[in-house]
2 protein chains.
Amino acid sequence: MTIEEAKTTRDEQRLRDPERTKFEILAVATQEFANRGFAGARVDEIAAKTRTTKRMIYYYFGSKERLYVATLEKSYEDIRVTEQNVDVENLDPVTAIRLLAEFTFDRHEANPTFSRLVSHENMQNAQFVTAASGFPGLERPIIKMLEQVLEHGRADGVFHRDIDALDVHMLISSFCFFRINNRYTFAANFGRDPVEAGRRSIYRQMIGDVVVEYLTSSPT
Amino acid sequence: MTIEEAKTTRDEQRLRDPERTKFEILAVATQEFANRGFAGARVDEIAAKTRTTKRMIYYYFGSKERLYVATLEKSYEDIRVTEQNVDVENLDPVTAIRLLAEFTFDRHEANPTFSRLVSHENMQNAQFVTAASGFPGLERPIIKMLEQVLEHGRADGVFHRDIDALDVHMLISSFCFFRINNRYTFAANFGRDPVEAGRRSIYRQMIGDVVVEYLTSSPT
DNA sequence: AATATAATTAAACAACTAGTGAAATAAAAT
DNA sequence: ATTTTATTTCACTAGTTGTTTAATTATATT
């Protein structure tokens, strides 16, 4: 269900739908928190962008902070679900690792909201992500997949680097994250918008090449 | 002059020192804006952490926004100065590019404040960096150096990739930036703090290897 | 030394913001 | 038919926050 669906479907059958109300609040709040951060977001503004009222936000979520945490949890859960749909089981390691890199590349581009939430969390030392340990979606499927591909690649003798899944993930994520999240200052500083449509395929191939060349090369 | 110097030197000779007052406000404001962002920072808090009063901030900087822009300008200028002190003129291209990568790596670690300011700027679509065009420090020395090294490397036949300085810079910066700025969520999500002292040399070498292997490998 | 200028302090203002309380309404569930 | 639950309205508080008015005093100038 998208926000638009939730909005348009409303009132057609039921005048009251707690699930839909909660969903809409959460969806709007996610956008607001992603765009302005926890401190910058305004409860009144979130309420105004929903079909419901500020009072309902407190009715269902209790406080601005609990609403914020709820958006974080939902966003992490969504990422986990997305990653579960990737399958590189039967591919050769080089193809598989490139595919995982491209998947992460696409995910960042398709869902900048998540990256923005993450960025804001880091700017406040991840206080809410850390506080809510037992956070759902913390075992990220992508890591398991990377581990298998790396093991496979080493067994086949095509990967020669002594590096584990977490660091490969960091290498891939950093590039994809930076391209999306630092788009504006990069464009302002260097006169090149890295998210410009025409350059997309260049960067998508680039991160794949970077990872493949690194893993397949030998330490000196 | 550091903040500490400005604080301790104060009052020894003169009770009033506009330059020192301005400097201290700017230094404290930079920390506050870097830590909390423009919206999250509090003028009262900035004032409280200086030796002077809130009124002086308005006396010298006019508004919170102009103070913020001043910290941005100062920070960019500092980076430019730092980059000007790098010299890779007489090194072979592979050594030079690795040195530039390591320089950027070190710079991010030594100055997380700048990265945080940049991150916050991006979260608000770089509205202030963009607005203040004619911004000082926008021609970054590192780009010129990368251009020369890349040209040299291609002339020598050791670099085979068709990639320009800006994209190499993005590859290097993204890794260094992510390691520092996404430290907290990365640690919370994956149980590994990428800024932990013991892992520093691994990542420092890794970004060098990644860039060198990518540039020296051939497109397929 | 007298005066003017610039730096500094103290306090107040006005707008904003998260959260609450209370009361009323009515759709759904029982 | 009755109870429960979801929803709206709206005024209000208590605390915060960016900004300003006015008075004070150190330093520079004449």
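All values below come from the heavy atoms of this structure, side chains included, with hydrogens, waters and symmetry mates left out. Chain naming here is simple, since letters A, B, ... match the order of the sequence lines and numbering starts at 1 in each.
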To the nearest Å, give me how far apart [atom1] ([X]) and [atom2] ([N]) are.
X	N	atom1	atom2	value
B/Tyr60	C/dT8	OH	C1'	8 Å
A/Glu19	D/dT5	CD	P	14 Å
A/Lys54	C/dG19	NZ	P	9 Å
A/Tyr59	D/dT4	OH	P	13 Å
A/Ile57	C/dA18	CD1	P	10 Å
B/Asp17	D/dT27	CG	P	10 Å
B/Phe61	D/dT19	CZ	P	14 Å
B/Phe33	D/dT17	CZ	P	13 Å

Query raised in the report: Using 30° and 60° as the class limits, which term best fits the ring planes of B/Phe190 and A/His169: parallel, tilted or perpendicular?
Result: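 It falls in the perpendicular class, over 60°.
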Report task. Would you please classify the geometry between the A/Phe33 ring and the A/Tyr68 ring as parallel, tilted or perpendicular, with 30° and 60° separating the classes? Result -> perpendicular
Query raised in the report: Quick one: is A/Thr52 getting a side-chain N or O under 4.0 Å of the D/dT8 phosphate, OP1 or OP2?
Result: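 Yes, because at least one side-chain N or O of A/Thr52 sits under 4.0 Å from OP1 or OP2 of D/dT8.
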Query raised in the report: C/dT8 phosphate, OP1 or OP2: any side-chain N/O from B/Thr21 under 4.0 angstrom?
Result: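 It does, given that an N or O in the side chain of B/Thr21 lies less than 4.0 Å from OP1 or OP2 of C/dT8.
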[X]: which residues meet the side chain to side chain contact (heavy atoms under 4.5 Å, CB included) condition with it, sequence neighbours left out?
X	value
B/Asp78	B/Lys74
B/Asn122	A/Asn182, A/Tyr184, A/Thr185, B/Val118
A/Ser174	B/Ser174, B/Phe175, B/Phe178

Requested in this report: Could you list the residues that satisfy side-chain hydrogen bond (donor to acceptor under 3.5 Å, both in side chains) with A/Tyr203, not counting sequence neighbours?
Outcome: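 So A/Tyr203 forms a side-chain hydrogen bond (donor to acceptor under 3.5 Å, both in side chains) with A/Arg199, B/Asp167.
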Query raised in the report: When you check the gap from the basic side-chain N to the acidic O, do A/Glu83 and A/Arg80 get nearer than 4.0 Å?
Result: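 Here A/Glu83 does not pair with A/Arg80 in a salt bridge, since their nearest N and O are not under 4.0 Å apart.
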**Report entry** Salt bridge B/Glu24-B/Arg51, side-chain N to carboxylate O under 4.0 Å
**Finding:** no
Distances under 3.5 Å only, N/O to N/O: pair up the protein atoms with those of nucleotides 21-25 of chain D.
from, atom 1, to, atom 2, distance (Å)
D/dT21, O4, B/Arg55, NE, 2.8
D/dT25, O2, B/Arg16, NH1, 3.0
D/dT25, O2, B/Arg16, NH2, 2.3

Requested in this report: Taking A/Arg161 for its side chain and A/Tyr214 for its backbone only, find out whether a donor-acceptor pair lies under 3.5 Å.
Outcome: yes
Polar atom pairs (N or O), protein with nucleotides 13-17 of chain C, under 3.5 Å:
from, atom 1, to, atom 2, distance (Å)
C/dT17, OP1, A/Arg42, NE, 2.8
C/dT17, O5', A/Arg42, NE, 3.4

